[in-house]
Amino acid sequence: QVHLVESGGGLVQAGDSLRLSCTASGRTFSSIVMGWFRQAPGKERGLVAAITFYGSTYYADSVKGRFTISRDNAKNTVSLQMDSLKPEDTAVYYCAAKDNRAGAWYGGTNSYDYWGQGTQVTVSS
């Protein structure tokens with residue numbers, strides 16, 4: 001019922017910035033938590049940031065102070081502004097939607113119901 005499409009990935013140098021965008025379609029967008037996840041080769045997919053409908057945010061310790069998540073409910077978009085990028089930020093980044101009330105509001109990989117196709121972010125040293 002929710003379709004997500006990411007854009008904005010690319011190849012950058014350490015210290016550069018990127019802004020990822022996620023466009024959602026479906027009637028339940030305004031009622032769900034939105035999150036950004038990332039997965040590097042050989043690693044488990046992990047939550048990077050999450051945001052509620054009303055703007056409460058969560059950030060993984062590894063990105064606090066560097067990444068900013070935001071959403072525009074009227075335009076059905078969610079963004080992730082990534083500043084001061086590091087090589088360890090290299091991963092496929094996924095937009096995801098959580099449409100349930102289980103566990104912590106920001107949840108984790110297994111608590112999100114809808115996923116985008118992913119966009120590659122590569123940061124060179």
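- For the pair Ala91 and Ala40, the tightest heavy-atom approach, listed with the atom from each and the gap, is CB-N, 3.9 Å.
- Applying the salt bridge (charged side-chain N to carboxylate O under 4.0 Å, His left out) rule to pairs touching residues 76-97 yields Arg38-Asp89, Arg66-Asp89, sequence neighbours excluded.
- Aromatic pair Tyr94/Tyr112: ring centres not closer than 6.0 Å.
- Identified under the salt bridge (charged side-chain N to carboxylate O under 4.0 Å, His left out) test for residues 53-63, with sequence neighbours left out: Asp61-Lys64.
- Put simply, the side chain of Thr90 gets close to the backbone of Val123: a donor and an acceptor are under 3.5 Å apart.
- In this structure Tyr93 satisfies the ring pair (Phe, Tyr, Trp, His ring centres under 6.0 Å) test with no other residue, sequence neighbours excluded.
- Remark: Tyr58 engages Tyr106 in a ring pair (Phe, Tyr, Trp, His ring centres under 6.0 Å) (not counting sequence neighbours).
- Atom-to-atom distance recorded for Ser17:OG and Leu85:CG is 6.0 Å, nearest 0.5 angstrom.
- For residues 43-55, no pair satisfies salt bridge (charged side-chain N to carboxylate O under 4.0 Å, His left out), with sequence neighbours left out.
- Checking side-chain atoms of Thr122 against main-chain N and O of Leu11 turns up no donor-acceptor pair under 3.5 Å.
- A donor-acceptor distance shorter than 3.5 angstrom exists from the side chain of Asp113 to the backbone of Asp99, with no hydrogens or angles considered.
- Residues meeting the side-chain contact (heavy atoms from CB on, under 4.5 Å) test with Ser111, sequence neighbours left out: Lys98.
- Formation of a donor-acceptor pair under 3.5 Å by the Gln117 side chain with backbone atoms of Val5 is not found in this model.
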